[in-house]
Amino acid sequence: MSVTVRVPAKVNVQLAVGGARPDGFHDLANVFLAVGLYDEVTATPADELRITCEGPDAGQVPLDRTNLAARAAIALAARHGLAPDVHLHIAKDIPVAGGMAGGSADAAGALLACDTLWGTNAARDELLDICAELGSDVPFSLVGGAALGTGRGERLRALEVGGTFHWVFAVADGGLSTPAVYGEFDRLSEGAGVPEPVASQELLDALAKGDAAALAATVSNDLQPAALSLFPSLTDTLDAGRAAGALAALVSGSGPTTAFLTRDADAAEAVAQALLASGTCRTARVAPSPAPGATVL
Ligand code: ATP
């Protein structure tokens with residue numbers, strides 16, 4: 001018997017970052033939107049914990065116990081006095097180290113798959129607690145939809161979304177490490193006062209209305225200057241998407257994936273074609289949003 005769980009990627013339509021806290025983390029006002037690019041995690045009983053991965057970026061995914069999916073299985077098993085003897089297979093379609101929370105998605109997927117396979121039937125709050133221990137973005141991967149994350153981003157409030165938003169994601173050649181991008185943010189903001197991160201009411205209203213033009217006017221990412229500083233060629237990708245008619249162009253999370261909001265599905269196809277033709281990215285993917293959170297198939 002096997003259990004397969006499908007889990008979405010995310011884009012941050014607002015990522016407001018506060019100054020570094022004494023513990024090194026940053027307070028955030030993080031508006032997450034789940035998008036229709038998915039990893040699938042399949043859990044099958046095994047003699048010992050084993051991870052396998054398939055997909056175009058599979059070679060970059062660790063297959064040992066540092067894999068976030070493995071850590072999720074170990075955390076759930078420990079709480080229930082079980083041995084984490086499971087084979088986790090990850091069918092990976094979310095870009096690796098791309099700022100789209102692919103590892104977090106796999107953690108949430110593995111957690112739900114193991115909970116189902118082992119019959120541990122953890123309450124939603126217990127699953128969310130384990131997710132928060134595993135990483136700031138993991139709780140959102142479990143719940144999907146749209147949510148405002150505060151604290152390190154792990155305290156979530158679900159948000160209303162009044163329509164479908166059509167995105168294009170340009171996948172860069174290479175990755176960016178999230179800690180390195182935060183380090184560059186700290187360097188660039190040194191000496192300057194960093195304001196308290198606050199969610200934009202205009203942006204929340206645009207999401208609730210399903211108004212793409214209004215959302216485009218309000219998206220923001222405080223990590224973008226740091227990501228561009230470490231990966232300057234992303235400026236060319238952003239320019240190419242804007243020139244192709246995207247309503248908004250921004251770095252996704254810590255990058256280097258760039259995100260383009262478009263008017264409708266046809267515009268998304270046109271922007272994706274133009275981005276591919278521009279030669280400024282490795283590949284371009286269209287995806288609608290919001291997408292559901294981790295779901296047992
Ligand atoms: P985020 O948007 O949450 O900052 P990201 O999308 O930039 O994350 P990930 O794809 O989650 O980045 O991977 C970051 C690093 O985590 C990878 O380079 C890899 O070494 C490690 N990692 C651990 N587990 C996984 C996993 N299941 N899938 C991908 N990467 C993983």
Side-chain angles (χ1 to χ4, degrees), residues 5-13 15 17 25-26 28 30-35 37-43 49-75 86-114 131-132 134-142 144 147 149 152-154 156 169-185 221-224 226-227 230-231 234 250-259 285 287 294:
V5 172
R6 193 179 78 155
V7 209
K10 59 85 185 165
V11 63
N12 307 88
V13 285
L15 184 45
V17 182
F25 285 107
H26 295 74
L28 305 176
N30 192 349
V31 182
F32 294 102
L33 187 59
V35 300
L37 284 182
Y38 301 94
D39 282 359
E40 286 183 9
V41 181
T42 299
L49 180 59
R50 193 159 79 88
I51 308 283
T52 53
C53 185
E54 68 175 82
D57 292 349
Q60 298 165 52
V61 175
L63 300 179
D64 58 15
R65 289 178 173 232
T66 64
N67 190 298
L68 277 172
R71 292 184 45 214
I74 291 167
V86 66
H87 172 203
L88 296 170
H89 180 71
I90 303 168
K92 191 158 241 333
D93 199 33
I94 303 175
V96 175
M100 298 190 76
S104 302
D106 299 343
L111 189 62
L112 188 57
C114 289
C131 286
L134 293 167
S136 307
D137 288 351
V138 183
F140 179 71
S141 299
L142 188 73
R152 284 186 286 131
E154 83 288 5
L156 291 180
F169 295 96
V171 181
D173 245 327
L176 272 176
S177 131
T178 303
V181 175
Y182 274 99
E184 184 69 358
F185 173 87
N221 179 359
D222 287 354
L223 291 182
Q224 182 157 316
L230 296 176
F231 209 130
L234 294 181
L250 75 164
V251 170
S252 176
S254 54
T257 302
T258 42
R285 307 284 306 275

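Every number for a ligand or one of its atoms is a count from 1 in the order of the listing. Since this is a predicted model, take the numbers as computed values, not measurements.
- Formation of a donor-acceptor pair under 3.5 Å by the Lys10 side chain with backbone atoms of Gly99 is found in this model.
- Residue-level proximity to ligand 1 for Ala107 is absent, since no heavy atom of it falls below 4.0 angstrom.
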* Mind running side chain to side chain contact (heavy atoms under 4.5 Å, CB included) on Phe140 and Asn30 for me, showing each step along the way? => CA-CA 11 Å; Phe140 179 71; Asn30 192 349; over 6 Å; no
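- The distance criterion of under 3.5 Å between nitrogen or oxygen atoms is met by Met100 with respect to ligand 1.
- Looking at ligand 1, you'll find an N or O of Ala97 within less than 3.5 Å of one of its N or O atoms.
- Between Gly255 and ligand 1, not a single N/O pair is under 3.5 Å apart.
- Taking all atoms of both residues into account, the shortest heavy-atom contact from Pro256 to Gly174 is CG-O, 3.4 Å.
- Remark: atom 15 (C) of ligand 1 lies closer than 4.0 Å to no protein heavy atom.
- Residues Val7 and Leu112 have side chains not in contact (no heavy-atom distance under 4.5 Å, counting atoms from C-beta outward).
- Of the protein's non-hydrogen atoms, the one nearest atom 11 (O) of ligand 1 is Gly103 N, 2.7 Å.
- For the residue pair Thr257 / Ser252, no side-chain donor-acceptor distance below 3.5 Å is found, with atom types taken as modelled.
- Numbered from 1 in the order shown, with element, the atoms of ligand 1 that lie under 4.0 Å from a heavy atom of Thr178 read 4 (O), 7 (O).
- Using a non-hydrogen distance threshold of 4.0 Å, Gly175 does not register as a contact of ligand 1.
- Between Gly99 and ligand 1, at least one pair of N/O atoms sits closer than 3.5 Å.
- Counting atoms of ligand 1 from 1 in the listed order, those under 4.0 Å from a heavy atom of Asp137 are 1 (P), 2 (O), 3 (O).
- Atom 19 (C) of ligand 1 has its closest protein heavy atom at Pro62 CD, 3.7 Å.
- Below 30°, between 30° and 60°, or above 60°: for Phe185 and His26 the angle between ring planes is above 60°, a perpendicular geometry.
- For atom 28 (N) of ligand 1, the nearest protein heavy atom lies closer than 4.0 Å.
- In terms of polar-atom proximity, defined here as any N/O pair under 3.5 Å, Leu176 makes no such contact with ligand 1.
- Proximity to Gly102 (heavy-atom distance under 4.0 Å) selects the following atoms of ligand 1: 6 (O), 11 (O).
- Of the polar atoms of Gln60, none of the N or O atoms is found under 3.5 Å from an N or O of ligand 1, judged by distance alone.
- Heavy-atom contacts of Lys92 reach the following atoms of ligand 1: 28 (N), 29 (C) (cutoff under 4.0 Å).
- Looking at Asp39, its side chain does come within 3.5 Å of a backbone N or O of Ile94 through a donor-acceptor pair.
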For residues 52-64, run the donor-acceptor check on the side chains, cut-off 3.5 Å, and write out each pair with its distance to 0.1 Å, sequence neighbours left out.
unit_1	atom_1	unit_2	atom_2	d
Thr52	OG1	His87	NE2	2.8
Thr52	OG1	His89	ND1	2.6
Glu54	OE1	His89	NE2	2.7
Asp57	OD1	Arg282	NH2	3.3
Asp57	OD2	Val96	N	3.1
Asp64	OD1	Thr66	N	2.9
Asp64	OD1	Thr66	OG1	2.5

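- Listed by number with element, the atoms of ligand 1 under 4.0 Å from a non-hydrogen atom of Gly98 are 5 (P), 6 (O), 7 (O).
- Each of the following atoms of ligand 1 lies closer than 4.0 Å to a heavy atom of Val96: 10 (O).
- Scanning both residues, Phe231 and Asp173, for their nearest heavy atoms gives CZ-O, 3.4 Å.
- Shown in contact with Asp106 at under 4.0 Å from a heavy atom are these atoms of ligand 1, numbered in order with element: 26 (C), 27 (N), 28 (N).
- In the vicinity of Lys10, heavy-atom distances shorter than 4.0 Å reach the ligand 1 atoms 2 (O).
- Among protein heavy atoms, the minimum distance from atom 24 (N) of ligand 1 is reached at Leu68 N, 3.0 Å.
- At under 3.5 Å, a nitrogen or oxygen of Ala101, whether backbone or side chain, sits near a nitrogen or oxygen of ligand 1.
- Residues Ala43 and Leu88 share a closest heavy-atom pair of CB-CD2, 3.8 Å.
- Side-chain atoms of Asn221 come within 3.5 Å of backbone atoms of Val251 as a donor-acceptor pair (strictly under, hydrogens ignored).
- Leu234 is not listed as a side-chain neighbour of Gln224, based on a closest heavy-atom distance of 4.5 Å or more.
- Residue Cys114 comes nearest to Val86 through the heavy atom pair SG-CG1, 4.2 Å, listed as atom of the first residue, atom of the second, then distance.
- A donor-acceptor pair under 3.5 Å is formed between the side chain of Asp222 and the backbone N or O of Val17.
- Not a single heavy atom of Arg71 sits less than 4.0 Å from an atom of ligand 1.
- Put simply, no part of Gly253 is less than 4.0 Å from ligand 1, judged by heavy atoms.
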